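Single-structure report; data block below.
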Amino acid sequence: MSNDLPKTYDFKSTEERLYNWWWQNGWFKPEVHPDAEPFVISIPPPNVTGELHVGHAMFVAMEDLMIRHARMKGLAALWVPGSDHAGIATQLQVEKMLAAEGTNRRAIGREEFLRRTWAWKEKYGGIITQQLRRLGASCDWDRERFTLDEGLSAAVREAFVRLYRMGLIYRGEYLINWAPGLQTAVSDLEVEYSEEEGTLYYFKYPIAGRDGEYIPVATVRPETILGDTAVAVHPDDPRYRHLIGETCLVPILKRPIPVIHDTYVDMNFGTGALKITPGHDPADFEIGQRHGLPIVNVMNPDATMNENAGPYAGLDRFECRKKLWADMGAAGLTLKTEPYHLTVPRSQRGGEIVEPLVSTQWFVRMKPLADLGLEAVRSGRIRIIPERFTRVYYNWLENIRDWCISRQLWWGHRIPAWYGPDGSMFVAHTAEEAHAQARKKYGKEVELRQDDDVLDTWFSSALWPFSTLGWQEPTPDLQRYYPTSVMETGYDILFFWVARMIMDGLLLTNNVPFHTVYLHGLIRDQYGRKMSKTAGNVIDPLEVMDKYGTDALRFTLLTSATPGNDINLSVDRVAANRNFANKIWNAARFVLMNLGRPGSEVQSVTNETSISNLKSLDLPDRWILSRLNSVIASVNRLFDAYQYGEAGRQVYEFLWGEFADWYVEISKIAFGGANEEAKQRARAILVHVLDQALRMLHPFIPFVTEEIWQHLPHAPNEAPALIVARWPEADTRWVDAQAEADMALIMDLVRSIRNARAEYNVEPGRQIAATIAADGQQPLVESQARVIATLARIDPARLHIEERLAEPPPQSVALVVGGVSVYLPLAGLVDVAKERERLSQEVEATTQRIARSEKLLASDFARKAPAHVVQAERDKLRELQDRRAKLQEQLAALS
RNA sequence: GGGCGCGUAGCUCAGUUGGUUAGAGCGCACGGUUCACAUCCGUGAGGUCAUAGGUUCGAGUCCUAUCGCGCCCACCA
């Protein structure tokens, strides 16, 4: 063999080498095209302590595809990488480590804890970004950022101070979601509701001074009875109307509370009376506000009962529930219990039950921000793909509620607020600035205490597209690369992240952070189940890459789905795409084998042969060039429409099903012959088509395409690497409908003959005779006699092509293909009865189709359908009639 | 309670301005050592496009309803 490529593509020896080579040559940097229009993506920053999962593989594949495509189109492609400090997740990791050492964060103190966490981050923080490289991510690593970097921290403080001064951040005591295990507040978005079986407890609310009279009330959380500050009924409820204004006594505690009326109460639901616990229920909190009810908090931060719970103080809330209910039973206050399915709020992190309770926290006033976010999408300044998510986006923003941003954690951006001795608050960028403010107020230096809380991790993530480029300094990067181009991420963080980036971007930079949002789906297992460790169905992308290569995984992820739809990832599919990589590899080997060694005469001639200079192209040449350019045009259309999966599938089909299966096979005729010009023509076309296909595939499967491309000859002025080579544009002069139609006929002929051979069990190696009545297609069929003979294993000496036959050959298998009759004299093999049966069936099938076509043409179709559609139908009918006539002729000749 | 997605071959999925006989991969059956590739080649079987209506000359594709699966949002005890 005249080249050194191994028989099978070995991705293991390729991927890391190419990746480093690309990076070392600076091709991941936008400066490759210093004066071009920028194309920028900010990476969705993975958790710094995280490890690669298929979700990462998905966004890396998709974003790298976009970036590589843009780069090849000549844009200044910049993909900004980085990672997220992930407050809770990281803190939990470190706390786990401390627990293993027999200590905890409170014991070692805040400062030491942060030191330990940074050490942890330094040690494990590089793993994830290393794994992103493994996927081929062509990020500019010189611009890598971390959300707790000094620059990004400054951006966070700036954002906080600005929002505060605009009145968009406030601090106050409100009902929030409290995670008792984590000991922190969490935002509404971080609470998930799960349907669970529980109990509904019915009990009596005794009326003070009316012996024996009571209002029946039901609850799913009896322990909150201890925090009740009212009983509410509907003002029109005849059962209870007369009790409005009376006083009830809280069971056991005997604390007097009023009976109030509120139209919120549904008369038809439950008992029609509602206990109001403003301290522990969101709806009750609002009712309490409306009626000026006091708030009684009965729980400690660890979800044990506090002193307001009287005799139950110190008990866990669930123990309290049990004991209180028992005591109420003893006091004759219980009515009944019944099974009930309820929605239990659970923490997204860890799954513990979240308790609504009143606490002093920091909030962002969302309404004004939401209006900005809505306008940007409504006006079209930002486009969301797929479009249906715009409605989801609108719906969320239109009903948005304030965002609780303070977290009682240590790992994160500490809230830039300081308190003076009298509790006065100073919000400032730095401690110095806060002290300056304090001096002004107090007229002297005082001691200030910084707020203990840190910000929700998503607060810093919301700044990511601009904070990573240097905001709020007017850095060259910010000037040149902001706003960014596409925000590509999973639809599951549309609210958490995408919407907040849009809002903060608009407010703080006075610009959209990106013009397009592309949302991909979630990766599920091959049966559509969510991947989880407990289900044991997790697909580890690293294992998959070890086994099948990065390209195979990427191609699978990129071609398995349409935007916004979940992907059921199956390893079988990855294996199939590994085969595809190998197929390309071998097609390339074939091409190279016929080119000779680098530097050889043949290769240098091919180097300099431009397709447009080729003379006397044969049908297969014109066909493959036409197909190539049709595919290029289609792929470009699909890329413009963000239909990447379909684009990838089309190139796959083209390369394997047309180029390899047909053109390569046909080219062997030339290489087996003595016509040097034909050989050279084939070489030039093979190289050209392969080259163009590799370019289109590179964003999908960068490694195998680059590796092959490096072995192909190129024009002297060509780019040094595929990663920076030019993206193909269709040359419509090559698109040749006649060539495609003619070739389709030849291919059909070949397929039909192969089919007949298989039906009759003709030995694959045996060359047979054939007589063809071309009926108007004689020049075409004649010109491709060699192709037909070779691909269908016809003996060229016994291939007869006539315009028409005086008499069909006897003892033959007869076929009709697109108006052309083919006779295969398989003497001794032909079973006349079987043939008659087969032909009769074909006549019958054709007759049915004729009938359908005639009926269609006799209907309104002929009048109302577009002319070209009607014409196509007429042509089809004529063809069918011709086909039937020929089949009948063949049938008649069989006797 | 509102909203969204999905339901196409045994399995997993494509099918985006409605227009020939609805496609792919895997699996299955039969046959293949011709020097690119057995991670391959050739041939084949397999589908009332969930169901019922409707719009249209024409519907997998548009509309309505129903069933099944999944997801998101929502303060009914």
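Chain naming here is simple, since letters A, B, ... match the order of the sequence lines and numbering starts at 1 in each. Just so it is clear, the structure is predicted and the values come from calculations on it, not from any experiment. What you see below is based on every heavy atom in this structure, not just the backbone, and it leaves out hydrogens, waters and symmetry mates.
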Report all interatomic pairs (protein N or O, nucleotide N or O of nucleotides 17-20 of chain B) with separations under 3.5 Å.
{"from": "U20(B)", "atom 1": "O3'", "to": "Lys876(A)", "atom 2": "NZ", "distance (Å)": "3.3"}

Below 6.0 angstrom between ring centroids: does that apply to Phe203(A) and Tyr201(A)? no
Atom pair distance, as rounded to whole Å: NZ in Lys583(A) and P in A24(B): 16 Å
In this structure, how many angstroms lie between the C1' atom of C4(B) and the CD1 atom of Ile384(A), rounded? 14 Å
Just to confirm, is there a sub-4.0 Å distance from OP1 or OP2 of C41(B) to any side-chain nitrogen or oxygen of Trp656(A)? yes
Trp396(A), Tyr393(A), Trp403(A), Phe389(A) screened by ring-ring contact (aromatic ring centres under 6.0 Å, His included) with Phe495(A), the one that passes: Trp396(A)
Do any side-chain nitrogens or oxygens of Lys7(A) fall under 4.0 Å of OP1 or OP2 in A38(B)? yes
Tell whether Tyr491(A) reaches the base of C72(B) with its side chain through a donor-acceptor pair below 3.5 angstrom. no
Nearest-Å distance once atom C1' is located in both U56(B) and U64(B): 16 Å
Remember a base hit wins even if backbone is also touched, and classify Ala575(A) as base, sugar-phosphate or nothing at under 4.0 Å, heavy atoms. nothing
With no hydrogens and no angle check, is any side-chain donor or acceptor of Asp691(A) less than 3.5 Å from a backbone partner on Val687(A)? no
Across every strand shown, the nucleotide meeting Watson-Crick or G-U wobble geometry with C67(B) (both distances under 3.5 Å) is G7(B)
Residue matched to C76(B) through Watson-Crick or wobble contacts both under 3.5 angstrom: none
C73(B) phosphate, OP1 or OP2, under 4.0 Å from Asn399(A) side-chain N/O: no
Is any side-chain nitrogen or oxygen of Tyr340(A) closer than 4.0 Å to OP1 or OP2 of A77(B)? yes
Pick one: which of Val217(A), Thr219(A), Ile257(A), Leu274(A) meets side chain to side chain contact (heavy atoms under 4.5 Å, CB included) with Asp228(A)? Ile257(A)
Would you indicate which nucleotide in U43(B), G15(B), A77(B) comes nearest to any side-chain atom of Tyr264(A)? A77(B)
Report yes if a donor N or O on one partner sits less than 3.5 Å from an acceptor N or O on the other, where the partners are the side chain of Arg754(A) and the base of U43(B); otherwise report no. no
So, is Arg401(A) near the phosphate of C75(B), with a side-chain N or O under 4.0 Å from OP1 or OP2? yes
If we take the P atom in both G25(B) and G58(B), what is their distance in whole Å? 35 Å
Phosphate OP1/OP2 of G42(B): any Arg751(A) side-chain N/O under 4.0 Å: no
For Asn755(A) and G44(B), is the shortest distance between a side-chain N/O and OP1 or OP2 below 4.0 Å? yes
Ignoring hydrogens and angles, are the base of A36(B) and the side chain of Glu665(A) linked by a donor-acceptor pair under 3.5 Å? yes
Go ahead and name the base partner of A22(B); Watson-Crick or wobble counts if both distances stay under 3.5 Å, otherwise write none. none
Does a nitrogen or oxygen in the side chain of Ser570(A) sit under 4.0 Å from OP1 or OP2 of C11(B)? no
Relative to the 5' end of RNA chain B, which residue comes earlier, Phe389(A) or Asp188(A), by the nucleotide with the nearest heavy atom? Phe389(A)
